[in-house]
Amino acid sequence: MGRTVVTGAAGFLASYVCDRLLDEGHEVIGLDNFITGRSENVRLLSEHPKFQFIEQDVSLPFQIEGEVDYVLHLASPASPPDFRKIPFETLRAGSFATHVTLELAHEKAARFLLASTSEIYGDPPAEHHPQKEEYWGNVNPNGARSVYDEAKRYAEAVTMAYQREYGLETRIVRIFNTYGPRMRADDGRVVTNFIAQALQGEPLTLYGDGTQTRSFCYATDTAEGIVRLLLSDEGEPVNIGNPDEFTVRELGETILELTGSDSEFITVPLPYADDPKQRRPDISKARRVLGWEPTIKLREGLRPTIDYLRGEVLLKR
Ligand code: NAD
Ligand code: UDP
């Protein structure tokens, strides 16, 4: 339990992390500038008496009155179409905002947690599949995805520098593809695109041939892993994700089946030349040091996600 600052609190994943922290008894101060977030997430969290919200761009310096025990930096555009639209904001969220939030943690002698990503592994070759924390990655330093990938790699470097130089207690979670209710129907990620397309009877857009793989983790599982890491003694990066791996086409087929849609696939060119071909977390470390593993299978997690997005899609009509 503690007084906890969470950046990106209007976002999809942070809203689950805030829920989990509030359940644990923390007092949570959420910050967000709504660049990719939703006021609805803040409205839901604000029903809790221990949640407070401050509208703030966290790449600019800010003050928090009083003691702080934990700082979680989750603010960053995270969907590939978002970081293509707002490249400089994405770079700032990984760079300046990581400095600003580390400084806050340092000043308050608080524990700091960085939301890093599987993207720091880039497009891994077969010998690094599944991805272990020891793998250093295969990232294009200046390609279209680099504004996100390199900013997050920089964020990890500056976080470890604060740990080494100042003895700051830091945690780094490498999050793999996470999905669930509260995602924006138009966020452009594969799960939301396919569900929205299936529900509207539109073709499902397969980028490339659909043989690329991803491993999808349900949001409450990811949030549980993040909070366990925060409260653990582990100062080195830890993968959090679901090791069940699917091709993008298989994901689409499952969504067609669960929605009962008769949409078909269409193939469109890959928007990124460096789109990772395969991705699956090795979660042996999370199992060992956190006693954590995901509990929700893809089909089970897709059902409430489809129900939620059905409401969102209907609202937009
Ligand atoms: P999201 O876009 O829903 O949430 C990000 C939030 O950060 C938004 O509310 C946005 O408004 C806010 N934000 C961005 N820049 C900001 C700034 N300068 N100041 C204040 N607020 C700012 O994305 P998400 O999927 O919930 O991702 C949350 C975090 O988890 C990100 O750091 C992302 O890199 C990481 N992550 C997510 C996934 C995933 O699959 N969802 C995978 C890997 C890593
Ligand atoms: N993708 C797709 N159709 C879509 C959206 C995405 O085939 O409408 C593919 C994309 O090329 C990638 C995978 O699905 O290979 C996952 O994409 P997403 O944007 O969800 O996240 P990423 O893992 O690439 O960050």
Side-chain angles (χ1 to χ4, degrees), residues 6-17 30-39 41-42 54-60 62 72-84 86 88-98 100-101 113-120 123 145 148-149 151-152 155 173-180 182-184 187-197 202-217 219 222-223 226 239-241 246-249 251-252 265-272 274-279 281:
V6 178
T7 73
F12 158 60
L13 191 49
S15 74
Y16 286 91
V17 173
L31 295 102
D32 207 291
N33 65 353
F34 293 108
I35 191 159
T36 59
R38 311 170 69 209
S39 52
N41 288 339
V42 174
I54 303 171
E55 188 166 345
Q56 172 70 40
D57 178 345
V58 298
S59 61
L60 303 172
F62 63 90
L72 285 73
H73 179 39
L74 272 74
S76 171
S79 135
D82 282 345
F83 50 79
R84 197 137 84 162
I86 44 173
F88 297 107
E89 288 81 353
T90 305
L91 284 159
R92 280 200 288 271
S95 57
F96 297 159
T98 309
V100 166
T101 49
L113 178 138
L114 171 71
S116 184
T117 166
S118 53
E119 297 283 341
I120 69 117
D123 188 9
R145 298 174 80 101
Y148 183 66
D149 301 6
K152 289 285 187 181
V173 54
R174 292 191 181 143
I175 304 163
F176 283 65
N177 298 63
T178 296
Y179 71 100
R182 305 185 197 164
M183 291 179 92
R184 285 178 4 239
D187 84 351
R189 290 185 256 203
V190 67
V191 173
T192 40
N193 272 6
F194 282 2
I195 295 176
Q197 289 160 347
E202 292 168 3
L204 272 55
T205 48
L206 273 188
Y207 298 166
D209 60 8
T211 58
Q212 68 270 41
T213 68
R214 293 293 186 272
S215 308
F216 302 96
C217 195
T222 301
I226 292 174
N239 289 339
I240 291 291
F246 299 88
T247 66
V248 164
R249 183 183 282 272
L251 171 74
F265 289 106
I266 51 162
T267 301
V268 297
L270 275 175
Y272 298 99
D274 41 12
D275 194 284
K277 284 181 268 316
Q278 49 180 6
R279 183 184 292 156

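Just so you know, ligand 1 is whichever comes first in the structure, and atom 1 is the first atom listed for that ligand. Worth saying up front: this structure is predicted, and the values here are computed from it rather than measured.
With contacts defined as side-chain heavy-atom distances shorter than 4.5 Å, the pair Ser59/Glu89 does not qualify. For the pair Val17/Thr222, no side-chain contact is recorded, criterion being any heavy-atom separation below 4.5 Å from C-beta on.
A distance-only check finds a donor-acceptor pair linking the side chain of Thr178 to the backbone of Phe176 [under 3.5 Å]. Distance alone, capped at 3.5 Å, places no donor-acceptor pair between the Arg184 side chain and the Arg38 backbone. With hydrogens and angles ignored, the 3.5 Å screen pairs no side-chain donor or acceptor of Ser116 with any backbone N or O of Val173. With Ser215 contributing its side chain and Arg279 its backbone, the two residues share a donor-acceptor pair below 3.5 Å. A donor-acceptor pair under 3.5 Å is formed between the side chain of Arg84 and the backbone N or O of Pro271. Under a 3.5 Å cut-off, the side chain of Gln197 and the backbone N or O of Thr205 do form a donor-acceptor pair. Looking at Ser79, its side chain does come within 3.5 Å of a backbone N or O of Asp187 through a donor-acceptor pair.
Annotation for Gly210 and Thr247: closest pair O-CB, 3.5 Å, computed over non-hydrogen atoms.
Residue Asp275 has at least one nitrogen or oxygen atom sitting less than 3.5 Å from a nitrogen or oxygen atom of ligand 2, judged on distance alone. On a distance-only criterion, Ile175 and ligand 1 share no N/O pair closer than 3.5 Å. Geometrically, ligand 1 and Ala14 share no nitrogen or oxygen pair separated by less than 3.5 Å. For ligand 1, the polar-atom distance check against Asn177 finds no nitrogen or oxygen pair separated by under 3.5 Å. Here's the thing with Val190: one of its N/O atoms is less than 3.5 angstrom from an N/O atom of ligand 2. For the pair Arg189 and ligand 2, the shortest N or O to N or O distance does not fall below 3.5 Å. Between Thr178 and ligand 1, at least one N/O pair is under 3.5 Å apart.
Ion pairing between Asp209 and Lys277 fails under the 4.0 Å rule for side-chain N and carboxylate O. A salt bridge links Arg145 with Glu119: at least one charged nitrogen is closer than 4.0 Å to a carboxylate oxygen.
For Gln56, the closest heavy-atom approach to ligand 1 falls below 4.0 Å. Distances shorter than 4.0 angstrom do not occur between any heavy atom of Arg174 and any atom of ligand 1. Ligand 2 lies out of reach of Gln197, whose nearest heavy atom is not under 4.0 Å from it. Judged by the shortest distance from any of its heavy atoms, Phe194 lies inside the 4.0 Å radius around the atoms of ligand 2.
Here the protein heavy atom with the shortest distance to atom 29 (C) of ligand 1 is Leu74 O, 3.1 Å. Thr36 OG1, 3.9 Å is the protein heavy atom nearest to atom 1 (P) of ligand 1. With hydrogens left out, the protein atom closest to atom 19 (N) of ligand 1 is Val58 N, 2.9 Å, a heavy atom. Of the protein's non-hydrogen atoms, Gly11 CA, 3.3 Å is the one closest to atom 4 (O) of ligand 1. When only non-hydrogen protein atoms are considered, atom 37 (C) of ligand 1 lies nearest to Leu13 CD2, 4.1 Å. The protein heavy-atom contact nearest to atom 39 (C) of ligand 1 is Arg189 NH1, 3.5 Å. Nearest protein heavy-atom neighbour of atom 36 (N) of ligand 1: Tyr148 OH, 3.9 Å. Looking only at protein heavy atoms, the nearest one to atom 5 (C) of ligand 1 is Ser76 O, 3.3 Å.
Counting the atoms of ligand 2 from 1 in the order shown, those under 4.0 Å from a heavy atom of Asn177 are 21 (O), 22 (P), 23 (O). Atoms of ligand 2 lying under 4.0 Å from any heavy atom of Asn193, numbered from 1 in the order shown and given with element: 4 (C), 5 (C), 8 (O). Those atoms of ligand 1 that come under 4.0 Å of a heavy atom in Gly8, given as number and element, are 6 (C), 7 (O), 9 (O), 12 (C). Atoms of ligand 2 found under 4.0 Å from any heavy atom of Leu206, numbered from 1 in the order shown, are 7 (O). Listed by number with element, the atoms of ligand 2 under 4.0 Å from a non-hydrogen atom of Val248 are 7 (O), 13 (C), 14 (O). Using a 4.0 Å cut-off to heavy atoms of Ala75, the atoms of ligand 1 that qualify are 7 (O), 13 (N), 16 (C), 21 (N), 22 (C).
Using cut-offs of 30° and 60° for the angle between ring planes, the Phe83 and Tyr272 rings count as tilted.
When heavy-atom distances to ligand 1 are checked against a 4.0 Å cut-off, Glu89 has no atom that comes that close, whether in backbone or side chain. At a 4.0 Å heavy-atom cut-off, ligand 1 touches Phe34 through the backbone alone.
Checking Glu119, Arg145, Lys277 against atom 24 (O) of ligand 2, the nearest heavy atom belongs to Arg145. Of the candidates Asp57, Thr7, Thr98, Asp32, the one placing a heavy atom closest to atom 11 (O) of ligand 1 is Asp32. Between Ile54, Ile226, Asn33, Ile35, it is Asn33 that holds the heavy atom closest to atom 21 (N) of ligand 1. The option with the heavy atom closest to atom 44 (C) of ligand 1, from among Ser116, Ala93, Ala78, Ala219, is Ser116.
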Open item on the list: For Tyr148 and Asp82: C-alpha separation, side-chain torsions, deciding distance, then whether side-chain contact (heavy atoms from CB on, under 4.5 Å) applies.
Closed with: CA-CA 10 Å; Tyr148 183 66; Asp82 282 345; over 6 Å; no

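Screening Val248, Asn193, Val190 against Tyr207 for a side-chain contact (heavy atoms from CB on, under 4.5 Å) leaves a single residue, Asn193.
No more than 12 heavy atoms of other residues, nucleotides or ligands shown are found within 6.0 angstrom of CZ on Phe96.
To the nearest 0.5 Å, atom CG of residue Leu204 and atom CD1 of residue Ile266 are 9.0 Å apart.
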